[in-house]
Asker: 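This is the structure I want to talk about, given as structure tokens.
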Amino acid sequence: MSSEPTKVLLVEDNWGEAHLLYKSLEEAIPGQFQISHVLRLSDALEYLWKETCHVVLLDLGLPDSHGIDTLVLTRAQAPSVPIVVLTGSQDEALADQALKEGAQDYLVKGQVDSNILARSMRYAIARKTAEEALVRQGVAFAKVCQLEHSRQRLIAVHELVRRDIAVQLDDVREKFLRLKNHLQEILEGMGSASETSRELSEVVKGLNQVIEQQVGALSRQLYPSILTQGLVPFFQSFCDQFKEAVSIEIDLDEDLLRKEKADSGLVPQQVVLALYRIAVEALTNVVKHAKASKVTVRVDPPREGWLRLAVRDDGQGFDLESASSGLGMATMRDYAEAVNGECVVQSAPGGGTEVIAVLPLSRPPGMECLDACETGEN
Ligand SMILES: Nc1ncnc2c1ncn2[C@@H]1O[C@H](COP(=O)(O)OP(=O)(O)O)[C@@H](O)[C@H]1O
Ligand SMILES: [Mg+2]
């Protein structure tokens, strides 16, 4: 405990009572309390405006204020200072009201010895400190919730923009396709012998490449419409996407697939999206960093209502402590946490790497705007 004296503001209009309190405290516990005494509420309010104290001993009947108003005004002036109310023996009801209005304790004048008074002030300070800590925790918790919602909104908006661009790219692709088909028809009418038709054939080939390999791939990368078609085609598309770079084994839990077949809404769209973004980043990292010969992608339900994705490679692994923390790792965590799940990475030099995401099969409220686009994609 600190050896500094406890600063007390005594607000008492009766000189005799004030003196008695002051003297008995000083005699019983010398040096522990430093008391400043005022006679009127206006003086108390001025004191609290200019000075600090640890506790207020407050008589409610003062020359310039009576009853519960005295407490309310004092609290308003110094909301974080604990108050012990001093009442007369006939004022029990007023004392109860004072506790409801935020006084930490009350004492009946004439029934107080110095030890009870000292203990009451110490408890009042301790109670107020605990109350304040709870309020601070509550505020901190509310801020964390706000931040969590704002992260969910940011991810949802980011995904909506991606989808929007993907839809526009699909439109561009359609138009290119029509142009290409038109050219093809002209070509067919020309016969194949001429130099111009050979040149046009090359143009058609080039167009095909741009349409499928660039525009199509870009659109799929922004938002793969396969996401709305269930887990099997979803993971099959992974194999196709990464099979050139690394050998992938996909292991999907049979029971989970059965349940998904029976209920196409089993895995909410936001969760599918998180699963996809995490898996893509994990596999991109394998290709970029792991020097692996094989990757296993496993999906199973670790318990009812949850889904687990594990991407494990047999590559060179890395030291989690000293690895540069890039955007990829943070993005995987963000996507998992945005749907109220978790993502962890386990790795050791020489021991391969495993990314594990555990996601709940429920819609995160902060990302509902993605629901609207759940259907209608092709
Ligand atoms: N599967 C993996 N095998 C080996 N190293 C990895 C693997 N995944 C991630 N790392 C290491 O972790 C680092 C951070 O990854 P990441 O956050 O995705 O950023 P980036 O891929 O842009 O470097 C990588 O630079 C790499 O050193
Ligand atoms: Mg990466």
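This is a predicted model, so every value here is computed, not measured.
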Asker: Do NZ/NE/NH1/NH2 and the carboxylate oxygens of R40 and E46 come within less than 4.0 Å?
Answerer: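 Looking at E46 together with R40, the answer is no, because their closest N to O distance does not fall below 4.0 Å.
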Asker: In the structure I gave you, are the side-chain heavy atoms of L256 and L266 within less than 4.5 Å of one another anywhere?
Answerer: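 The answer is yes; the side chains approach within 4.5 Å.
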Asker: Tell me the closest heavy-atom pair linking L71 and A98, and the distance in Å.
Answerer: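 It is CD2-O, 3.4 Å.
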Asker: State which residue, out of L9, D105, V84, fulfils the side-chain contact (heavy atoms from CB on, under 4.5 Å) condition with V55.
Answerer: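 Passing option: V84.
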Asker: Using only atom types and a distance under 3.5 Å, with no angle test, would you say the side chain of E260 pairs donor to acceptor with the backbone of L231?
Answerer: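 Yes; judged by distance alone, with no hydrogens or angles, the pair exists.
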Asker: Give a yes or no answer on whether the side chain of D64 reaches the backbone of S42 with a donor-acceptor pair at less than 3.5 Å.
Answerer: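 Yes, because the side chain of D64 sits within donor-acceptor range (under 3.5 Å) of the backbone of S42.
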Asker: If two hydrophobic side chains count as joined below 4.5 Å and joins carry through other members, does L307 share a cluster with L257?
Answerer: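 Per the 4.5 Å side-chain linkage, L307 and L257 are co-clustered.
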Asker: Would you say that T129 contacts E132 through its side chain, given a criterion of any heavy-atom pair below 4.5 Å between the two side chains?
Answerer: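 T129 does not reach E132 side chain to side chain.
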Asker: Quick check: does any side chain N or O of H158 sit under 3.5 Å from a backbone N or O of L154, one acting as donor and the other as acceptor?
Answerer: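 Such a contact is absent between H158 side chain and L154 backbone.
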Asker: Identify the heavy atoms of S247 and S293 that sit nearest to each other, and give their distance.
Answerer: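 Nearest heavy atoms, S247 then S293: CB-O, 3.7 Å.
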Asker: Can you confirm whether W306 sits close enough to P301 that some side-chain heavy atom of one is under 4.5 Å from a side-chain heavy atom of the other?
Answerer: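 Sidechains of P301 and W306: no contact.
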Asker: Go through the steps to decide whether K23 and E26 satisfy the test salt bridge (charged side-chain N to carboxylate O under 4.0 Å, His left out), and finish with yes or no.
Answerer: CA-CA 5 Å; K23 262 195 77 177; E26 210 26 61; over 6 Å; no
Asker: Is there a salt bridge (charged side-chain N to carboxylate O under 4.0 Å, His left out) between K259 and D255 once you walk through the steps?
Answerer: CA-CA 6 Å; K259 282 186 182 152; D255 195 39; 3.7 Å; yes
Asker: If you look only at distance, which donor and acceptor atoms sit under 3.5 Å apart when one is on a side chain in residues 201-214 and the other is two or more places apart or in another chain?
Answerer:
| unit_1 | atom_1 | unit_2 | atom_2 | d |
| --- | --- | --- | --- | --- |
| S201 | OG | S197 | O | 3.1 |
| E202 | OE2 | K205 | NZ | 3.4 |
| N208 | OD1 | K180 | NZ | 3.1 |
| E212 | OE2 | R173 | NH2 | 3.3 |

Asker: With side-chain contact (heavy atoms from CB on, under 4.5 Å) as the criterion, how do Q77 and L48 come out once you've worked through the C-alpha distance, each side chain's angles and the decisive distance to 0.1 Å?
Answerer: CA-CA 7 Å; Q77 183 76 316; L48 290 169; 3.7 Å; yes
Asker: What I want to find out is whether R151 reaches E337 closely enough, with some N-O distance under 4.0 Å, to be called a salt bridge.
Answerer: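 E337 and R151: salt-bridged.
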Asker: Could you tell me whether D96 and K100 make a salt bridge, using a distance below 4.0 angstrom between a side-chain N and a carboxylate O?
Answerer: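 Result for this pair is no, no salt bridge flagged.
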Asker: Please check: side-chain N/O of R162 versus main-chain N/O of Y223, any donor-acceptor pairing under 3.5 Å?
Answerer: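 The answer is no, because no donor-acceptor pair under 3.5 Å joins these two groups.
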Asker: Could you tell me whether the side chain of E92 reaches within less than 4.5 Å of the side chain of V108, counting heavy atoms only?
Answerer: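 V108 reaches E92 side chain to side chain.
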Asker: Which heavy atom in P79 sits nearest to a heavy atom in K128, and how many Å separate them?
Answerer: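 Of all heavy-atom pairs spanning P79 and K128, the closest is O-NZ, 2.9 Å.
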Asker: Please lay out, stage by stage, how I35 and L57 fare under the test side-chain contact (heavy atoms from CB on, under 4.5 Å).
Answerer: CA-CA 10 Å; I35 300 183; L57 275 178; 5.8 Å; no
Asker: Tell me whether I68 is reachable from L107 by hopping between hydrophobic residues (I, L, V, M, F, W, Y) whose side-chain heavy atoms are closer than 4.5 Å.
Answerer: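 Different clusters: L107 never reaches I68 through Ile, Leu, Val, Met, Phe, Trp or Tyr contacts under 4.5 Å.
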Asker: Please examine the side chains of T296 and D314, heavy atoms only from C-beta on, and report whether any two atoms are closer than 4.5 Å.
Answerer: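 They are not in contact (no side-chain heavy atoms under 4.5 Å apart), so the answer is no.
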Asker: Taking the side chain as C-beta and beyond, is there a heavy-atom pair between F318 and L320 under 4.5 Å?
Answerer: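 Yes, close enough: below the 4.5 Å cut-off.
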Asker: For G317 versus T353, what's the shortest heavy-atom pair and its separation?
Answerer: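 It is CA-OG1, 3.6 Å.
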Asker: Within the supplied structure, the quantity of interest is the number of heavy atoms (other residues, nucleotides, ligands) at a distance under 6.0 Å from L327 CG; does it exceed 12?
Answerer: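 Check fails, neighbour count at 12 or below.
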Asker: Closer than 3.5 angstrom, by distance alone: can the side chain of T284 be matched with the main-chain N or O of V280 as a donor-acceptor pair?
Answerer: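 Yes; judged by distance alone, with no hydrogens or angles, the pair exists.
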Asker: Less than 4.5 Å apart, any side-chain heavy atom of K294 and any of E249?
Answerer: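 Answer yes - side chains close enough.
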Asker: Any salt bridge between D171 and K175, counting N to O under 4.0 Å?
Answerer: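 Yes.
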Asker: Return yes when atom NE2 of H66 has more than 12 non-hydrogen atoms of other residues, nucleotides or ligands closer than 6.0 Å, and no otherwise.
Answerer: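 Above 12, so yes.
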Asker: Taking L94's backbone N and O only, do any of them form a donor-acceptor pair with D91's side chain (distance below 3.5 Å, no angle check)?
Answerer: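 Not confirmed, D91 side chain does not pair with L94 backbone.
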Asker: Please find the pair of heavy atoms, one from E148 and one from A338, that lie closest to each other, and give the distance.
Answerer: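 So the two residues come closest at OE2-CA, 4.0 Å.
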Asker: Around Q221, counting heavy atoms of other residues, nucleotides and ligands shown, do more than 12 lie under 6.0 Å from its CD?
Answerer: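 For Q221, atom CD is not crowded (no more than 12 foreign heavy atoms under 6.0 Å).
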Asker: What I want to find out is whether R308 reaches D253 closely enough, with some N-O distance under 4.0 Å, to be called a salt bridge.
Answerer: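 Looking at D253 together with R308, the answer is no, because their closest N to O distance does not fall below 4.0 Å.
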Asker: Are the side chains of V56 and Y47 in contact, using a 4.5 Å heavy-atom criterion?
Answerer: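 Side-chain contact under 4.5 Å: no.
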Asker: Ignoring hydrogens and angles, state whether a donor on the side chain of E131 or Q104 is under 3.5 Å from an acceptor on the partner side chain.
Answerer: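 A pair is found: one side chain offers a donor N or O, the other an acceptor, under 3.5 Å apart.
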Asker: When you measure from the side chain of S219 to the backbone N and O of V215, does any donor-acceptor pair fall under 3.5 Å?
Answerer: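 Such a contact is absent between S219 side chain and V215 backbone.
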Asker: Give the C-alpha distance, both sets of side-chain angles, the deciding distance and a yes or no for side-chain contact (heavy atoms from CB on, under 4.5 Å) between V161 and I165.
Answerer: CA-CA 6 Å; V161 171; I165 300 173; 3.9 Å; yes
Asker: Can any side-chain N or O of Q316 pair as donor or acceptor with the backbone N or O of H289 at less than 3.5 Å?
Answerer: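 Between the backbone of H289 and the side chain of Q316 there is a qualifying donor-acceptor contact (under 3.5 Å).
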Asker: After noting the C-alpha distance and the side-chain angles of T6 and M121, does the key distance pass the side-chain contact (heavy atoms from CB on, under 4.5 Å) rule?
Answerer: CA-CA 9 Å; T6 303; M121 287 193 287; 5.9 Å; no
Asker: I need the full list of salt bridge (Lys or Arg N to Asp or Glu O under 4.0 Å) pairs touching residues 217-239, with sequence neighbours left out, sorted by first then second residue.
Answerer: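 Residue pairs passing salt bridge (Lys or Arg N to Asp or Glu O under 4.0 Å), neighbours aside: none found.
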Asker: Quick one: closest heavy-atom pair of F235 and I250, and the distance?
Answerer: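 Taking F235 first and I250 second, the nearest heavy atoms are O-CD1, 3.5 Å.
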Asker: Would you say L179 and L200 are hydrophobically clustered, going by side-chain heavy atoms of ILVMFWY under 4.5 Å?
Answerer: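 No; tracing contacts between hydrophobic side chains, which count when under 4.5 Å, never links both residues.
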Asker: Could you go step by step and tell me if D334 and R277 meet the salt bridge (charged side-chain N to carboxylate O under 4.0 Å, His left out) rule?
Answerer: CA-CA 10 Å; D334 277 347; R277 299 288 181 220; over 6 Å; no
